[in-house]
Amino acid sequence: MPGTTPPPTSATRTRSWWGWGWADAHPDDAECAAMGALIPGTLAHPLPVPRVRDLDIGRPAVEPPAGLAHLVATGPQERAAHAMGKAYRDVARALRGRPGRIPDLVARPTEEREVADLLDWAGERQVAVVPYGGGSSVSGGVEYRGDAHRAVLSLDLTAMGRVLEVDAVGRAARIQAGTLGPSLEDQLRPHGLTLRHFPQSFEFSTLGGWLATRAGGHYATGRTHIDDFVQSLRVVTPAGTSASWRLPASGAGPSPDRLFLGSEGALGIITEAWVRLQERPTHKASASLAFTDFHAALEAVRAIAQSDLSPANCRLLDAGEAALSGASHDGSAVLVLGFESADGPVTARLGQAVDLARSHGGRRGGVDGVDSADTDAAVGAWRSAFLRMPYLRDGLARMGAVAETFETAATWDRIPGLIEAVRTEVGEAALKASGHPATVNCRLTHVYPDGAAPYFTVLAAGRPGDEVAFWDDLKAVASDVLHRHRATITHHHAVGRDHRPGYDRQRPDPFSLALRAAKGALDPRGILNPGVLVD
């Protein structure tokens, strides 16, 4: 069945070139100052919103290829907007006028053949190619560092944004990699289907970006990562195009798709994928429970994860995180539960999960959803804070504060000790480095029968003018804790350049040899996202 043409994008809003999301959604100066006042040691007044015209952007080091020049932009605004991702360290650098190496060219191919032609041209001229989807990377995945290449091309795939084919019988679709989350769902909606993958960056990230980073979605159990939805991939590499078969499953050797999932553009450019879909849910219900004992709450979550209930949401907020989001104001940890289905009511499953949580000391909140008339203020507060938090982070960055997150995953036997060690050691490092106490909060975002994914928020006064180095020092402490507790360097935010030291320590040596060999075979001139995953 043919796909649909994506609706025209709104021309009424502008993406922020230096921070998260929409430029008109950022906190104003007064809100920034009010937030900064809550963190001792921050600036008296917010740093000004950075302007592209204040950056030192020289002429491109190369001219675009003649036959593809119509796809290439060289203006300062486009180049600055593609220079970095959206991590705290990216925002802090932009605020200080130090964005790093700005790409010389920004190309927007409209079809796979143009991607291949751009790679051929870049290889001949030793131009680094950095793939760019929505630019929401928070691990240094879409920037160039160093000076080993003559020039840098940012390869923006968002002009390849169509659902090409829908198989309603097999509930799958063939989708171009540059399709942004909202457009993808809009094109699937007429078919009554959904991909049901909703990362926090959903509005500003693409299918190709999710695939290249092995992105995690919003849902806490079941299909938590984009990997689980993939039937097949098409990937353009300097050595040729890889096109895997579309299959429901296969035991034929190592999976070709697994080679490129998570490869972050270092081995090839994902141009399209067949992905599994499902019917859109019509039955939803949610509830919250409060816990005075965080360790008891951990046990409640483990019991739910090891049941067969499979909640869509099973998010545990410690007391600090609950207070920060407005879900609790009495020092309690809060467990947010949610269920959904396209087949029938889910209130019975919600009730069973609530009973499990109560048996571990949870105090019941309300129910919110199609299957209940009650509302739950804690659930609503958490949802609002979840979507607003990246904008508030940027406002705190304008006050010279460090406001950033990192995530991991470990087995249940390691979770309590891991959380305690991160809180203690990162907090001590921040106090020693700045002279001011830091807040280190934790929430569980994804849960499995054998473990969970803790997600940490760090709020601290930075060192004025040296905020990036301060955060890098804290991140190094955190990475050491993760390594010591055998926790992954990242659960769903990719490796990029920021997590590279931790990734090098995590992966087995024979796998490193194989990865380097794959890089050398597929990208012999070393132009694809240099510095990511492997040298």
Side-chain angles (χ1 to χ4, degrees), residues 1-10 133-134 136 158 160-233 246 248 257 261 270 272-286 309-315 336-347 349-350 368-371 379 383 386-387 445-446 492:
M1 183 182 298
T4 56
T5 301
T9 56
S10 171
S136 63
T158 52
M160 298 173 63
R162 290 187 300 139
V163 173
L164 300 171
E165 189 175 352
V166 174
D167 173 7
V169 175
R171 294 201 307 191
R174 182 166 66 98
I175 305 175
Q176 289 183 309
T179 310
L180 288 158
S183 177
L184 186 154
E185 288 295 328
D186 285 346
Q187 294 179 70
L188 294 177
R189 190 169 288 107
H191 304 280
L193 298 170
T194 175
L195 179 60
R196 196 180 176 268
H197 183 77
F198 300 105
Q200 188 179 32
S201 63
F202 172 76
E203 190 176 8
F204 307 108
S205 54
T206 63
L207 173 63
W210 303 340
L211 296 166
T213 60
R214 297 184 66 195
H218 167 77
Y219 296 102
T221 66
R223 292 176 176 174
T224 59
H225 280 69
I226 193 65
D227 313 32
D228 303 318
F229 298 90
V230 174
Q231 283 188 329
S232 67
L233 297 178
R246 180 191 169 203
D257 295 334
L261 286 169
I270 299 171
E272 65 180 60
W274 272 98
V275 292
R276 299 178 177 92
L277 307 176
Q278 56 194 283
E279 294 182 15
R280 306 187 74 83
T282 54
H283 301 270
K284 299 181 181 182
S286 60
L309 295 173
S310 298
N313 195 4
C314 185
R315 199 162 296 231
V336 178
L337 291 170
F339 287 81
E340 63 179 41
S341 173
D343 300 320
V346 292
T347 49
R349 285 160 57 202
L350 175 63
D368 170 25
V370 175
D371 300 306
V379 174
R383 285 175 181 158
F386 179 75
L387 296 174
T445 59
H446 301 75
H492 61 262

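If you read the sequence from its start, that first residue is 1, and numbering goes on from there.
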Next item on the list: Write down the atom of D186, the atom of R189, and the distance for their closest heavy-atom approach.
Entry: OD1-NH1, 2.7 Å
Checklist line | Heavy-atom closest pair, residues V163 and L184 | finding: CG2-O, 4.3 Å
Check: Any donor-acceptor pair under 3.5 Å linking the side chain of Q187 with the backbone of G161?
Finding: yes
Check: How long is the gap from OH on Y219 to CG on N313, to the nearest 0.5 Å?
Finding: 9.0 Å
Next item on the list: Without swapping roles, check the side chain of E340 against the backbone of P281 for a donor-acceptor pair under 3.5 Å.
Entry: no
Checklist line | Nearest heavy atoms of G216 and P199, plus distance in Å | finding: O-CB, 3.5 Å
Notebook entry, point to check: Would a 4.5 Å heavy-atom cut-off, applied to side chains only, mark F202 and H218 as touching?
Noted result: no
Notebook entry, point to check: Going through the checks in order, is the side-chain contact (heavy atoms from CB on, under 4.5 Å) test met by V275 and W210?
Noted result: CA-CA 12 Å; V275 292; W210 303 340; over 6 Å; no
Notebook entry, point to check: Looking at side-chain heavy atoms only, is the closest gap between E185 and R280 below 4.5 Å?
Noted result: yes
Checklist line | Contact list for residues 221-230, test salt bridge (Lys or Arg N to Asp or Glu O under 4.0 Å), sequence neighbours left out | finding: R214-D227, D227-R258
Check: Nearest 0.5 Å, what's the CH2-CG distance between W274 and L233?
Finding: 13.0 Å
Next item on the list: Compare every heavy atom of Q231 with every heavy atom of R276, then report the nearest pair and how far apart it is.
Entry: CG-CG, 3.8 Å
Next item on the list: Evaluate the ring planes of H225 and H446, with Trp represented by its six-membered ring, and classify them as parallel (under 30°), tilted (30 to 60°) or perpendicular (over 60°).
Entry: tilted
Checklist line | CA sep, side-chain torsions, deciding dist, call: K284, V346, side-chain contact (heavy atoms from CB on, under 4.5 Å) | finding: CA-CA 7 Å; K284 299 181 181 182; V346 292; 5.6 Å; no
Check: Between S205 and S136, what is the shortest heavy-atom contact and its length?
Finding: CB-OG, 3.6 Å
Notebook entry, point to check: Is the backbone of H283 close enough, under 3.5 Å, to the side chain of S341 for a donor and an acceptor to pair up by distance?
Noted result: no
Next item on the list: To the nearest 0.5 angstrom, please state how far the OG1 atom of T158 sits from the CZ atom of F204.
Entry: 13.5 Å
Next item on the list: List the steps and the verdict of side-chain contact (heavy atoms from CB on, under 4.5 Å) for I226 and L195.
Entry: CA-CA 9 Å; I226 193 65; L195 179 60; 4.2 Å; yes
Note to self: Between E165 and R246, does any side-chain N to carboxylate O distance fall below 4.0 Å?
What the structure shows: no
Next item on the list: Taking the side chain as every heavy atom from C-beta outward, state whether T445 and R315 have any pair of such atoms under 4.5 Å apart.
Entry: yes
Next item on the list: List the atom of L188, the atom of A173, and the distance in Å for their closest heavy-atom pair.
Entry: CD2-CB, 4.1 Å
Next item on the list: Assess whether side-chain contact (heavy atoms from CB on, under 4.5 Å) is satisfied between T179 and R162, documenting all intermediate values.
Entry: CA-CA 6 Å; T179 310; R162 290 187 300 139; 5.6 Å; no
Checklist line | Nearest-0.5 Å distance that lies between atom CD in E272 and atom CG in L207 | finding: 10.0 Å
Check: Roughly how far apart are L277 CG and T194 OG1, rounded to 0.5 Å?
Finding: 7.5 Å
